[in-house]
Amino acid sequence: MAAEANNVTKPTTTFTSHVLKIGIVGFGKFGQFLAKTMNKQGHSLIATSRSDYSDVCQALGVTFFRDPREFCKERPDVILVCTTILAMESTLRSFPLEELNIINTLFVDVLSVKEFPRNLFLEVLPEECEILCTHPMFGPESGKTSWAGLPLVYDKVRISEVGSRAQKCNDFLSIFESEGCKMVEMTCAEHDLYAAETQFLTHTVGRILSHMNLKSTPIDTKSYETLRHLTETISGDSMDLYNGLFLCNANTMEQLEKLERAFDTVKNDLFGRLHSMIGKQLVHRVPDPSASSTMDDANPLKKA
Ligand code: NAP
């Protein structure tokens with residue numbers, strides 16, 4: 001680990017809030033989930049997505065644009081990228097940035113990996129663009145009733161120190177702060193290091209267990225129920241997300257190898273001990289007479 005958790009969790013800053021025009025790009029499960037709270041807080045919301053979400057948007061009080069160009073012409077304060085990890089690059093590269101008031105637009109992402117969107121934003125966006133990378137460490141299930149106490153990881157990748165552009169970033173962060181989120185500022189690289197050990201490992205173990213079709217029994221223990229619960233939680237997440245977590249975090253291959261080595265160690269401990277126990281019981285059940293007689297024969301004192 002590059003840093004201890006208590007070194008990276010900085011004291012909470014208080015962000016004041018103004019109404020923002022937020023443009024959501026990718027209106028899937030998570031985009032819709034965030035839109036509900038942002039709408040409740042009084043922000044003005046527009047959305048665009050590959051598929052048609054007109055009806056969903058209408059029900060949520062969000063204005064939907066099929067055409068990203070028309071969406072950009074609305075000049076949102078914030079572009080909030082909520083696409084899958086793997087779709088972000090093609091979406092951003094084909095986005096009609098020229099239609100935005102680019103200098104006054106804050107770009108934010110919510111992807112579950114952080115170095116990848118950070119570097120992509122830095123590569124694709126003009127230098128004058130402000131960039132905030134975030135990862136709400138919760139979703140439609142865990143944040144269904146409240147966001148209180150749930151962590152929001154963020155990295156102000158390229159944000160002005162003062163002025164209206166700095167304020168815009170604070171306004172955006174205050175959406176989460178005012179819901180009671182635990183505000184955790186850390187670099188994208190630190191996030192990915194932690195996330196490989198926590199999120200990716202959890203997903204991987206959940207996926208492995210889901211191949212075992214764990215059933216409930218009349219004697220389930222609490223720990224077994226936890227394992228079953230993990231497989232149920234993971235089964236709701238797409239393979240697309242899992243692929244993105246793996247491919248777009250530089251630390252996950254090492255975690256996968258560690259997991260494999262740990263499994264081998266456990267198996268070897270188990271089988272090694274079992275083999276010597278069974279050897280004693282089945283093969284060496286009586287003292288080896290030939291071994292003792294040979295020794296006796298060879299001992300001149302015994303013969304005498
Ligand atoms: P999702 O329901 O699968 O939605 C993904 C969005 O990406 C959809 O709007 C989809 O477009 C778009 N998309 C997928 N493939 C595309 C492609 N080839 N070209 C253009 N657009 C494409 O996933 P989600 O659960 O909302 O997650 C969205 C993001 O939030 C992910 O990056 C994830 O890591 C992050 N996140 C999710 C959670 C969570 O609990 N769900 C929590 C924290 C962070 P259409 O639907 O329009 O076709």
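Order of listing sets the numbers, starting from 1, for every ligand and every atom in it. The shown structure was predicted, so the numbers you read here are calculated from the model rather than taken from an experiment.
- Distance from atom 29 (C) of ligand 1 to its nearest protein heavy atom, with residue and atom name: T83 O, 3.2 Å.
- Proximity of D109 to L80: side-chain heavy atoms (C-beta onward) are nowhere separated by under 4.5 Å.
- Closest to atom 35 (C) of ligand 1 among all protein heavy atoms lies V110 O, 3.4 Å.
- Distances from atom 45 (P) of ligand 1 to the heavy atoms of S238, G143, S51, G26 show the closest one on S51.
- By the 6.0 Å contact criterion, CE on M212 is open, its count of non-hydrogen atoms from other residues, nucleotides or ligands being 12 or less.
- If you check each of F27, F30, F116 against atom 39 (C) of ligand 1, the one with the closest non-hydrogen atom is F30.
- Residues D155 and M186 are not in side-chain contact: their nearest non-hydrogen atoms beyond the backbone lie 4.5 Å or more apart.
- Taking the side chain as every heavy atom from C-beta outward, S44 and T63 never approach each other to under 4.5 Å.
- For the side chain to side chain donor-acceptor pair (under 3.5 Å) test with H191, the passing option among K114, H135, Q199 is H135; the others fail.
- Residue S49 places at least one N or O, backbone or side chain, under 3.5 Å from an N or O of ligand 1.
- Closest to atom 2 (O) of ligand 1 among all protein heavy atoms lies K29 N, 3.0 Å.
- Residue contact check: G139 has heavy atoms under 4.0 Å from atoms 40 (O) of ligand 1.
- Two residues are said to be in side-chain contact when any heavy atoms from C-beta on lie closer than 4.5 Å; C248 and L245 fail this criterion.
- In this structure, F65 and C72 have side chains that are not in contact, with every pair of non-hydrogen atoms separated by 4.5 Å or more.
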>> What verdict does the salt bridge (Lys or Arg N to Asp or Glu O under 4.0 Å) test give for E123 and R93, after you've listed the backbone C-alpha separation in whole Å, the side-chain angles of each residue and the deciding distance to 0.1 Å?
In response: CA-CA 10 Å; E123 190 185 320; R93 286 196 189 281; 2.7 Å; yes
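- Interface of L241 with ligand 1, defined as ligand atoms under 4.0 Å from a residue heavy atom, comprises 34 (O).
- F71 and F64 have their aromatic ring centers separated by at least 6.0 angstrom.
- For atom 42 (C) of ligand 1, the nearest non-hydrogen atom of the protein is F138 O, 3.2 Å.
- For atom 28 (C) of ligand 1, the closest non-hydrogen atom of the protein is C82 O, 3.2 Å.
- For atom 22 (C) of ligand 1, the closest non-hydrogen atom on the protein side is A87 CB, 3.5 Å.
- If you check which protein heavy atom lies closest to atom 46 (O) of ligand 1, you get Y53 OH, 2.4 Å.
- Here the shortest heavy-atom distance to atom 43 (C) of ligand 1, taken over P140, P136, S94, belongs to P136.
- Considering only heavy atoms from C-beta on, F107 stays 4.5 Å or farther from E130 through its side chain.
- Ligand 1 has no nitrogen or oxygen under 3.5 angstrom from a nitrogen or oxygen of D240.
- Not one N or O of H135 is nearer than 3.5 Å to an N or O of ligand 1, by distance alone.
- In the vicinity of I85, heavy-atom distances shorter than 4.0 Å reach the ligand 1 atoms 32 (O), 34 (O).
- Counting non-hydrogen atoms of other residues, nucleotides and ligands closer than 6.0 Å to CD of E225 gives a total above 12.
- Counting only heavy atoms of the protein, atom 34 (O) of ligand 1 lies nearest to S112 OG, 2.6 Å.
- Applying the 4.0 Å criterion to heavy atoms of T91 picks out, from ligand 1, the atoms 20 (C).
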